[in-house]
Amino acid sequence: MALGGLGEFGMNTMSVSCDDTTILVDAGVMFPGLDQFGVDLVIPDLSHFRTSERRLSCLVLTHGHEDHIGGVPYVWDLLEGPVYGTNLTLGLLRPKLEEHGIDPADRLQRVSPGDTVRVGPLKIEFLRVTHSMPDCAAVAIHSAVGTILHTGDYKIDRTPPDGESMDLDRFAELGEAGVLAMFGDSTNIERQGFTGSERAVLPAFEEIFANTAGKIVVTTFASSLHRLQLLIDLAARFQRKVAFVGRGMKRNTAIAADLGCLRIPFGIEIRDSEVADRPANQVLCLVTGSQGETLAALSRIAVNHHRHVKLEPHDVVVFSARAIPGNQRAIDRLMDHVAHCGATVVHEDDKLIHVSGHGSADDLRLMLSLVRPRYFVPIHGEYRYLARHARVAADVVNSETSVFLMENGDRLCFDADGVWRGETVSTGRVLIDGTRTGEVTDDVLRDRRGLARNGVIVLVVRIDRQAGVLIGEPTVITRGFVGDPLTVAMRDEIRDRVNGVLRSSSPEEHTEQGMIQERIRVEIQRVLRKQTGRCPLVIPVVMEI
Ligand SMILES: [Zn+2]
Ligand SMILES: [Zn+2]
């Protein structure tokens with residue numbers, strides 16, 4: 001059952017059921033769109049499991065990216081069994097659970113690529129894949145009916161920085177033995193050729209390290225641990241000290257270093273408070289904020305508002321990350337600020353300083369030709385990516401493979417005789433505000449959109465309860481409303497309309513404060529819409545005297 005990540009990028013979640021056992025593969029989050037005001041996270045709606053008989057026997061995690069583990073605290077109460085993940089995956093998950101006051105006790109079960117665990121009638125095998133961080137896995141779920149292979153996120157990196165190669169042999173073996181269905185990552189299907197190794201960025205960075213007279217500041221995702229490793233190694237070679245700047249960067253690198261997934265040579269790390277004390281040409285800063293996030297370290301540094309790190313004219317700031325769609329404007333603004341400081345901006349169009357962690361069309365073709373599944377389902381991506389992956393697959397594999405396009409909520413069922421589409425379950429999104437305070441309902445989001453587009457008007461009216469007439473002038477307070485302050489003519493109009501409402505309502509209505517308020521709200525909103533074309537939120541406050 002596809003629950004998230006099909007028809008969208010992010011919140012990757014799917015479930016597999018066999019007999020009485022249901023397992024969840026990944027529980028991801030998505031970051032909100034520009035019009036989802038004040039929403040911090042989006043997670044898939046798993047209420048299906050709250051109402052159905054089926055309980056979740058375990059959660060299987062492919063790797064430690066937010067779009068695969070970020071939702072775990074929110075599905076925790078649905079889980080009855082353990083969480084399986086690799087060392088690094090669980091290391092990144094643990095502080096998230098702590099933040100939510102969840103004590104996992106002994107339920108986090110560490111596995112290594114190559115391991116197999118048994119859950120009810122299923123045997124779950126972890127296969128090593130290469131991606132932008134270490135310790136990533138694909139999952140083969142062996143059942144009596146056949147093997148289901150979930151690739152997780154991957155690219156075929158023949159020279160991974162940690163020396164841990166993708167287990168292509170095992171994928172081929174599984175293909176030889178026969179794979180019933182494969183669910184494959186589609187993120188980069190629109191790119192031609194192979195994505196290439198994480199090491200592809202080395203020449204460009206070597207050039208930057210060799211030629212920069214000031215500080216080198218690199219911003220990337222705190223989870224791009226292979227990139228960070230390469231940069232730390234370069235710093236060692238070029239006699240620069242390394243400062244991790246920004247909360248996420250400090251946290252992730254500390255976790256990864258503790259687990260042995262990030263090698264930081266002794267004596268090379270300095271605190272960000274020590275950056276200013278060092279000669280600029282002996283410093284590398286690895287900072288958060290590659291997406292132009294206002295509160296992240298790089299944004300503060302670029303407007304000279306960071307406590308410790310300042311930009312100087314000989315410094316170079318490298319944007320070593322993909323711009324997530326929707327963030328480009330914020331990133332452009334950030335680059336402008338950096339340029340104002342006199343520092344040099346380097347981004348993807350200048351030099352090869354970023355390489356994706358997801359396989360391009362040829363990586364995906366190679367995977368398909370190794371596995372040659374009976375059924376293939378593209379996952380991870382907006383619909384056009386899934387559709388293209390489906391076409392590519394149809395070209396690669398022979399006619400013995402059937403390709404299915406699924407969307408969130410769709411179910412695919414298998415038995416010894418074949419495959420059919422099951423009844424669709426209702427899925428959706430849950431919007432999380434403040435990452436822990438709770439869920440944002442549709443009404444709240446609608447109000448926020450209304451406020452952002454149209455502003456708000458608070459109308460304070462005093463009413464003579466006996467006579468049912470307005471006393472004095474209404475007080476009109478506006479915020480974010482075009483035409484602010486209201487013209488005198490409009491204030492008069494508002495007063496007349498409020499009086500009109502009062503005159504046309506019965507004495508009983510006058511004593512029903514809620515009813516009067518609602519009638520005033522509707523009337524004033526109508527007038528404003530007619531006169532200004534805008535529909536601000538109107539909040540009447542009626543005081544009876
Ligand atoms: Zn990933
Ligand atoms: Zn992903």
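Predicted model only: the values in this text are computed from it and were never measured. Count residues from 1 along the sequence.
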K.L.:
Are the side chain of Thr212 and the backbone of Ile208 linked by a donor-acceptor contact shorter than 3.5 Å?
P.N.:
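Present.
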K.L.:
Using modelled atom types only, decide if a donor and an acceptor are shared between the side chain of Ser143 and the backbone of Gly146 within a distance under 3.5 Å.
P.N.:
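Looks like yes, one N/O pair under 3.5 Å.
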K.L.:
Could you go through Thr187 and Asp185, starting from their C-alpha distance and side-chain angles, then the distance that decides it, and tell me whether this counts as side chain to side chain donor-acceptor pair (under 3.5 Å)?
P.N.:
CA-CA 6 Å; Thr187 307; Asp185 179 18; 2.7 Å; yes
K.L.:
Assess the pair His68 and His380: is the distance between their ring centroids shorter than 6.0 Å?
P.N.:
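Judged by ring-centre distance (under 6.0 Å), His68 and His380 do meet the cut-off.
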K.L.:
Indicate yes or no for a side-chain donor-acceptor contact from Ser132 to the backbone of Ser224 under 3.5 Å, with no hydrogens or angles considered.
P.N.:
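Side chain of Ser132 to backbone of Ser224: no pair is present.
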K.L.:
With a 4.5 Å cut-off on side-chain heavy atoms, are Val42 and Met11 touching?
P.N.:
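They are in contact (side-chain heavy atoms under 4.5 Å apart), so the answer is yes.
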K.L.:
Do you know which two heavy atoms are closest between Leu3 and Pro44, and how far apart they sit?
P.N.:
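Smallest interatomic distance, heavy atoms only, reads O-CB, 3.5 Å.
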K.L.:
Taking only residues at least two apart or on different chains, which pairs with a member in residues 137-162 satisfy salt bridge (charged side-chain N to carboxylate O under 4.0 Å, His left out)?
P.N.:
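Sorted pair list: Lys155-Glu198.
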K.L.:
With no hydrogens and no angle check, just 3.5 Å: does a side-chain donor-acceptor pair link Asn188 and Ser356?
P.N.:
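On atom types as modelled, these side chains qualify, holding a pair under 3.5 Å.
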K.L.:
Just by distance, with hydrogens left out, do Ser320 and Arg227 show a side-chain donor and acceptor under 3.5 Å apart?
P.N.:
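The criterion, which ignores hydrogens and geometry beyond distance, is satisfied for Arg227 and Ser320.
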K.L.:
Just how far is it from atom CZ of Phe221 to atom CD1 of Ile324, taken to the nearest 0.5 Å?
P.N.:
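Reported to 0.5 Å precision, the distance equals 4.0 Å.
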K.L.:
Are any of the side-chain heavy atoms of Leu366 and Ile156 separated by less than 4.5 Å?
P.N.:
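Yes. Closest side-chain heavy atoms under 4.5 Å.
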K.L.:
Mind checking what makes side-chain hydrogen bond (donor to acceptor under 3.5 Å, both in side chains) contact with Ser17, not counting sequence neighbours?
P.N.:
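Result, side-chain hydrogen bond (donor to acceptor under 3.5 Å, both in side chains) vs Ser17: Thr22.
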K.L.:
Which heavy-atom pair separates Ala27 from Thr13 by the least distance, and what is that distance?
P.N.:
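Result for this residue pair: CA-OG1, 3.6 Å.
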K.L.:
Is it true that a side-chain atom of Asp315 and a backbone atom of Ile216 form a donor plus acceptor pair closer than 3.5 Å?
P.N.:
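Not confirmed, Asp315 side chain does not pair with Ile216 backbone.
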K.L.:
Specify the closest pair of heavy atoms between Leu6 and Pro378, including all atoms of both residues, with the distance to one decimal.
P.N.:
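The answer is CD2-O, 4.0 Å.
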K.L.:
Side chains of Met133 and Leu92, heavy atoms from C-beta outward: is any pair under 4.5 Å?
P.N.:
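SC-SC contact between Met133 and Leu92 confirmed.
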K.L.:
Output yes when a side-chain donor or acceptor of Asp115 lies under 3.5 Å from a complementary backbone atom of Ser112, and no otherwise.
P.N.:
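Pair found, side chain donor or acceptor close to backbone of Ser112.
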K.L.:
Asn252 side chain to Met249 main-chain N or O, any donor-acceptor pair under 3.5 Å?
P.N.:
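Such a contact is absent between Asn252 side chain and Met249 backbone.
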K.L.:
Are any of the side-chain heavy atoms of Thr89 and Tyr84 separated by less than 4.5 Å?
P.N.:
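No, too far: nothing below the 4.5 Å cut-off.
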K.L.:
Which heavy-atom pair separates Cys261 from Asp135 by the least distance, and what is that distance?
P.N.:
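Answer, listing the atom of Cys261 first, then Asp135: SG-OD2, 4.4 Å.
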K.L.:
Test of understanding: with ring pair (Phe, Tyr, Trp, His ring centres under 6.0 Å), list the residues that count as partners of Phe414, not counting sequence neighbours.
P.N.:
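Testing Phe414 for ring pair (Phe, Tyr, Trp, His ring centres under 6.0 Å), a comparison that skips the adjacent residues, returns Tyr375.
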K.L.:
Can you run down the side-chain hydrogen bond (donor to acceptor under 3.5 Å, both in side chains) pairs that involve residues 166-175, sequence neighbours left out, and say none if there aren't any?
P.N.:
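For residues 166-175, and leaving out neighbouring residues, the side-chain hydrogen bond (donor to acceptor under 3.5 Å, both in side chains) pairs sorted by first residue read Glu125-Arg170, Arg170-Glu173.
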K.L.:
Start with the C-alpha gap between Lys96 and Glu66, add the side-chain angles, then the distance that decides, and say whether salt bridge (Lys or Arg N to Asp or Glu O under 4.0 Å) holds.
P.N.:
CA-CA 10 Å; Lys96 271 181 212 309; Glu66 287 295 321; 2.5 Å; yes
K.L.:
Which residue is it: Thr220, Val218, Val217? I am looking for the one with a side-chain contact (heavy atoms from CB on, under 4.5 Å) to Val318.
P.N.:
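The side-chain contact (heavy atoms from CB on, under 4.5 Å) with Val318 is passed solely by Val218 among Thr220, Val218, Val217.
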K.L.:
Among Val317, Leu284, Val309, Val316, which one satisfies side-chain contact (heavy atoms from CB on, under 4.5 Å) with Lys215?
P.N.:
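Going through the options one by one, the only one that passes is Val309.
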K.L.:
Given the rule in the salt bridge (Lys or Arg N to Asp or Glu O under 4.0 Å) test, do Arg333 and Asp336 qualify, once you have shown the distances and angles that lead to the verdict?
P.N.:
CA-CA 5 Å; Arg333 209 163 50 215; Asp336 270 353; over 6 Å; no
K.L.:
If you look only at pairs with a residue in residues 239-251, which of them pass as a side-chain hydrogen bond (donor to acceptor under 3.5 Å, both in side chains), with sequence neighbours excluded?
P.N.:
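Matches after skipping sequence neighbours: Glu99-Arg251, Lys250-Asp272.
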K.L.:
Which residues pass the ring pair (Phe, Tyr, Trp, His ring centres under 6.0 Å) test with His358, sequence neighbours left out?
P.N.:
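Expected list: His131.
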K.L.:
Output yes when a side-chain donor or acceptor of His150 lies under 3.5 Å from a complementary backbone atom of Gly152, and no otherwise.
P.N.:
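Looks like yes, one N/O pair under 3.5 Å.
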K.L.:
Taking C-beta and beyond as the side chain, do Thr86 and Leu90 meet within less than 4.5 Å on heavy atoms?
P.N.:
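They are not in side-chain contact.
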K.L.:
Report the C-alpha distance between Phe319 and Val345 in whole Å, list the side-chain angles of each, state the deciding distance to 0.1 Å, and finish with yes or no for side chain to side chain contact (heavy atoms under 4.5 Å, CB included).
P.N.:
CA-CA 8 Å; Phe319 286 76; Val345 174; 4.0 Å; yes
K.L.:
Does any donor atom in the side chain of Asp26 or Asn12 lie under 3.5 Å from an acceptor atom in the other side chain?
P.N.:
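Result is no, nothing qualifies.
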K.L.:
Hey, could you give me the CD1/CZ distance between Ile268 and Arg263, rounded to the nearest 0.5 Å?
P.N.:
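Atom-to-atom, Ile268:CD1 and Arg263:CZ are 12.0 Å apart.
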K.L.:
Less than 4.5 Å apart, side chain to side chain, heavy atoms only: is that true for Phe126 and Thr62?
P.N.:
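Side-chain contact under 4.5 Å: no.
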K.L.:
What is the distance from atom CG of Asp363 to atom CZ of Phe194, rounded to the nearest 0.5 Å?
P.N.:
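Between atom CG of Asp363 and atom CZ of Phe194 there are 5.5 Å.
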K.L.:
Is the number of heavy atoms from other residues, nucleotides or ligands under 6.0 Å of Glu176 CD greater than 12?
P.N.:
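It does not: Glu176 CD has 12 such atoms or fewer within range.
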K.L.:
Measuring only between side-chain heavy atoms, which start at C-beta, is Lys123 closer than 4.5 Å to Val117?
P.N.:
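Answer no - side chains too far apart.
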K.L.:
Which residue is it: Ile141, Leu59, Leu56? I am looking for the one with a side-chain contact (heavy atoms from CB on, under 4.5 Å) to Ile23.
P.N.:
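So, applying the side-chain contact (heavy atoms from CB on, under 4.5 Å) to Ile23 and each of Ile141, Leu59, Leu56, only Ile141 qualifies.
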K.L.:
I need the minimum non-hydrogen distance between Arg199 and Pro161, along with the two atoms involved.
P.N.:
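Looking at all heavy atoms of both residues, the shortest contact is CG-CG, 4.5 Å.
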K.L.:
Tell me, please, whether Trp76 has Arg107 positioned over its six-membered ring: NZ or CZ under 6.0 Å from the ring centre and within 45 degrees of its axis?
P.N.:
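Because its charged atom sits under 6.0 Å from the ring centre and within 45° of the axis, Arg107 does stack over Trp76.
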K.L.:
Passes side chain to side chain contact (heavy atoms under 4.5 Å, CB included), Val111 versus Val60? Steps please.
P.N.:
CA-CA 10 Å; Val111 293; Val60 174; over 6 Å; no
K.L.:
Looking at Leu295, is its backbone amide N or carbonyl O close enough to the side chain of Ser299 to form a donor-acceptor pair, meaning the two atoms are under 3.5 Å apart?
P.N.:
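A pair under 3.5 Å: no.
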K.L.:
Any side-chain donor-acceptor pair under 3.5 Å between Asn408 and Glu8?
P.N.:
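Asn408 vs Glu8: donor-acceptor pair found between side chains.
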K.L.:
Could you tell me whether the side chains of Asn211 and Glu207 share a donor-acceptor contact shorter than 3.5 Å?
P.N.:
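No donor-acceptor contact under 3.5 Å links the two side chains.
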K.L.:
Please evaluate residues Met166 and Arg128 with respect to the criterion side chain to side chain contact (heavy atoms under 4.5 Å, CB included), reporting the C-alpha separation (whole Å), side-chain torsions for both, the decisive distance (0.1 Å), and the verdict.
P.N.:
CA-CA 5 Å; Met166 182 153 168; Arg128 185 180 294 285; 5.9 Å; no
K.L.:
Rounded to the nearest 0.5 Å, what's the gap from CG on Asp233 to CZ on Phe238? Could you check?
P.N.:
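Reported to 0.5 Å precision, the distance equals 12.0 Å.
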K.L.:
Looking only at side chains, do Thr147 and His142 share a donor and an acceptor under 3.5 Å apart?
P.N.:
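Judged by distance alone, the side chains do pair up.
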K.L.:
For the pair His354 and Arg322, evaluate side chain to side chain contact (heavy atoms under 4.5 Å, CB included) and give the outcome as yes or no after the intermediate values.
P.N.:
CA-CA 7 Å; His354 172 67; Arg322 174 183 70 107; 3.7 Å; yes
K.L.:
With a 4.5 Å heavy-atom cut-off, do Trp420 and Cys413 have their side chains touching?
P.N.:
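The answer is yes; the side chains approach within 4.5 Å.
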K.L.:
Would you compute the distance between atom CG of Leu405 and atom CG of Asp410 and round it to the nearest 0.5 angstrom?
P.N.:
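These two atoms lie 9.5 Å from each other.
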